[in-house]
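Here is the naming used below: chain letters follow the sequence lines, and residue numbers restart at 1 for every chain. Below, each value reflects all heavy atoms present in this structure, side chains not excepted, and no hydrogens, waters or symmetry copies.
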Amino acid sequence: MLYGKEKSEVEAHFPELHFVVENDLVFVRGIFPVMFEAQKLDRYSVELQLARNHPAGLPVVRETGGRIPRHIDRHIVAADGTACVLLPDERWRLWPVGSPLLKYLTGPLHSFFLAQTAVEEGQPWPFGQWAHGAKGIFQFYRELLKTSDLRVMTTYLDYLAAKKVKGHWPCPCRNGRKLRDCHFDHVKDLREKISRKTAERSLAILRRAGESAIEMNEPNPPGHP
Amino acid sequence: MTADEYLNEVLASQALGDDSEEVKALQKHRADVEKLIRDSFKDTALTIRYAGSKAKGTMNKESYDLDIISYVSSGDNTSGDTLEDIYNNHKNALAKKYYVEPKGSVLRLKGCGPENLGVDFHIDVVPGRFTDETKTDAYLYQSGGDKKRLKTNLDVHLDYVRDSGVIEAIRLAKLWKVRNGVPIRTFVLELAIIKLLEDKKNKSLSAQMEHFWTELRDDSADLTVEDPANPNGNDLSKCLGDNLKSQLVTAAKCTLEQIDSSGWEAVFGKTEKQEKAARVEILRRAAAVATPSRPWLPEA
């Protein structure tokens with residue numbers, strides 16, 4: 001049912017993309033255009049492998065034309081050619097869970113390939129880029145929580161990864177107050193946006209990297225909530 | 001940007017440096033061609049050199065050929081008794097690796113393998129024989145036409161163009177010829193522009209080009225050129241016939257009107273630099289309205 005709806009929506013919008021089912025997996029293959037004002041600025045050969053739990057999971061994207069170098073600086077994994085389109089923690093902003101696949105294609109995926117074209121032209125990443133690995137996660141939460149304090153971040157992530165949060169827990173902002181008297185609404189809001197699984201993963205990556213791997217010498221960004 | 005700045009940008013975007021992919025590919029073929037010929041004529045003293053636009057400095061990226069001369073010493077019959085034999089034996093030698101298309105005095109090389117069948121490599125091999133021990137004048141075989149032998153002198157041709165003082169105008173005229181589909185032989189075009197700009201060498205490039213087209217438009221009927229290597233022997237009048245002159249008049253008239261109404265860009269289009277700037281600008285505008293999304297790689 002969902003497959004048929006997604007298929008017709010996507011194929012109507014992107015006539016050169018086609019759905020293929022292989023070994024119980026759904027692939028979307030073909031030519032992905034980079035558009036602006038009805039003008040085709042560029043085109044890429046792509047393959048999207050939809051997650052088994054689509055649309056909850058993120059698709060695996062590959063540029064199959066061999067045009068983008070398989071290099072970390074181009075956000076392509078050298079080993080398998082997968083494109084790192086977005087940071088899962090940021091998904092709620094770009095392709096919230098429950099959104100149709102078409103929104104992913106016209107949103108973050110389009111921006112990814114538009115950025116690749118700009119970089120190919122010798123331009124900087126038009127929307128910026130997250131640093132690789134733990135540092136990128138650190139940058140994201142630094143912007144989101146407006147703090148460079150890794151302890152604050154990891155406590156927030158702990159709370160996002162927890163099955164439940166309790167109001168008597170200490171607030172992650174470390175001001176000594178209880179959560180219910182401080183950032184409770186903020187934590188609640190983030191728990192709706194960032195999945196427990198994603199938070200768990202980011203927490204593990206940050207902890208594994210440790211403070212030494214993440215340069216935290218930058219001051220707190222303004223407006224810490 | 002002034003007209004001359006624009007024209008110089010056009011020329012810069014058409015430049016083919018020795019480190020360009022196109023020239024590297026040509027140089028590789030040149031090495032292969034020379035080996036094929038030398039291996040086939042081991043006992044022959046051959047002079048193999050670049051000729052044409054590569055040697056004259058008039059190559060344009062948009063349309064380029066590599067001319068390679070392969071001249072036998074005077075009195076050397078080891079690669080063939082007659083000019084026709086030399087021509088055909090070169091053709092057979094080159095056919096071991098290329099599809100060879102005879103074209104007048106030259107042998108045009110194309111691909112003959114399954115991966116490049118019919119691909120034009122832009123290479124012309126010109127077999128010939130020096131007329132004497134000075135190795136200056138040479139005879140070429142002509143596969144078409146009434147006259148089977150053509151006397152020429154490579155160095156005179158090269159010097160005539162290289163020392164003309166109007167190399168830039170020649171390159172622009174060649175580009176104009178290609179873009180307007182004017183079927184004039186490049187060598188004849190070179191001779192014509194050198195003649196028409198003889199007393200305009202100190203003018204700006206744009207003034208030279210406007211003068212060239214004005215002359216073509218208004219006085220093509222009287223235009224004649226002669227081969228500097230053999231002014232009396234080689235009749236080039238057939239290369240500048242009435243039909244061609246009529247096409248030159250039309251193209252020149254149209255070009256001057258384009259400059260007048262729409263400026264120089266209407267003639268040669270946007271330069272690479274302008275095109276790149278326009279592309280970057282449109283990408284910037286596209287990014288301004290796109291979902292701002294930053295890529296991330298899980299592991300550094």
Side-chain angles (χ1 to χ4, degrees), chain A residues 34-37 39 41-42 71-79 82-91 93-95 103-104 106-123 125-137 139-140 143 201-202 205 209 213, chain B residues 1 5-6 8-25 28 60-62 111 113-117 119 179 262-263 265-266 268-300:
Chain A
V34 177
M35 303 292 294
F36 177 61
E37 291 179 348
Q39 189 187 339
L41 302 183
D42 213 338
H71 194 273
I72 55 170
D73 289 345
R74 297 295 290 271
H75 295 276
I76 302 285
V77 179
T82 54
C84 301
V85 176
L86 53 83
L87 177 66
D89 307 62
E90 198 186 12
R91 176 183 174 170
R93 271 186 193 159
L94 307 166
W95 187 48
K103 188 174 165 61
Y104 176 77
T106 55
L109 193 67
H110 186 265
S111 295
F112 179 80
F113 284 114
L114 172 63
Q116 292 287 353
T117 298
V119 170
E120 203 175 85
E121 290 287 347
Q123 300 302 301
W125 291 86
F127 316 106
Q129 55 179 327
W130 299 117
H132 307 311
K135 196 171 176 186
I137 294 171
Q139 286 173 344
F140 171 76
E143 276 188 28
R201 180 179 120 137
S202 292
I205 292 173
Chain B
M1 193 189 311
E5 284 169 345
Y6 164 77
N8 281 312
E9 260 193 24
V10 170
L11 288 175
S13 68
Q14 288 292 330
L16 274 175
D18 281 345
D19 57 347
S20 64
E21 290 304 313
E22 293 92 339
V23 170
K24 278 183 196 163
K28 189 183 175 311
N60 283 330
K61 196 183 279 182
E62 195 159 306
E115 74 291 349
N116 59 15
L117 189 64
V119 172
R179 295 210 176 155
S262 312
E265 271 185 30
F268 292 112
K270 285 194 189 311
T271 62
E272 255 179 28
K273 215 171 171 182
Q274 287 171 312
E275 275 176 7
K276 185 174 167 62
R279 182 159 170 78
V280 167
E281 173 58 18
I282 201 166
L283 287 170
R284 194 194 59 74
R285 285 173 55 211
V289 296
T291 309
S293 162
R294 285 182 257 184
W296 171 75
L297 199 75
E299 294 301 328

With a 4.5 Å limit on heavy-atom distance, are the side chains of A/L94 and B/R294 in contact?
-> no
Within-4.5 Å side-chain heavy-atom neighbours: B/V289 and A/E37 = no
Let me know if A/A131 has heavy atoms under 4.5 Å from chain B in its side chain, its backbone, both or neither.
-> backbone
Any side-chain heavy atom of A/W125 within less than 4.5 Å of one from B/P295?
-> yes
Do B/W296 and A/L86 come close enough that some side-chain heavy atom pair is under 4.5 Å?
-> no
Chain B contact via A/I76 - side chain, backbone, both or neither, heavy atoms under 4.5 Å = backbone
Which atoms form the tightest heavy-atom contact between B/V280 and A/E121, and what is the distance?
-> CG2-CB, 4.4 Å
Is the count of non-hydrogen atoms from other residues, nucleotides or ligands lying under 6.0 Å from B/K28 atom NZ greater than 12?
-> no
Less than 4.5 Å apart, any side-chain heavy atom of B/T291 and any of A/F127?
-> no
Best-contacting candidate, A/P126, A/G107, A/A115, against chain B by heavy atom pairs under 4.5 angstrom = A/G107
Once you round to the nearest 0.5 Å, how far does CH2 of A/W95 lie from OG of B/S293?
-> 12.5 Å
Evaluate the side-chain proximity of A/S111 to B/P292: yes if any heavy-atom separation is below 4.5 Å, no if none is.
-> no
Of the listed B/R285, B/K276, B/R284, the one with the largest count of heavy-atom pairs under 4.5 Å with chain A is B/R285
Under 4.5 Å from any heavy atom of chain B - which part of A/Q123 = side chain
Among the options A/T106, A/L87, A/L114, pick out the one with the most heavy-atom pairs lying under 4.5 Å from chain B.
-> A/L87
For B/R279 and A/L41, the nearest pair of non-hydrogen atoms, with its separation, is NH1-O, 3.0 Å
Residue pair B/L297 / A/Q129, side-chain heavy-atom distance below 4.5 Å = no
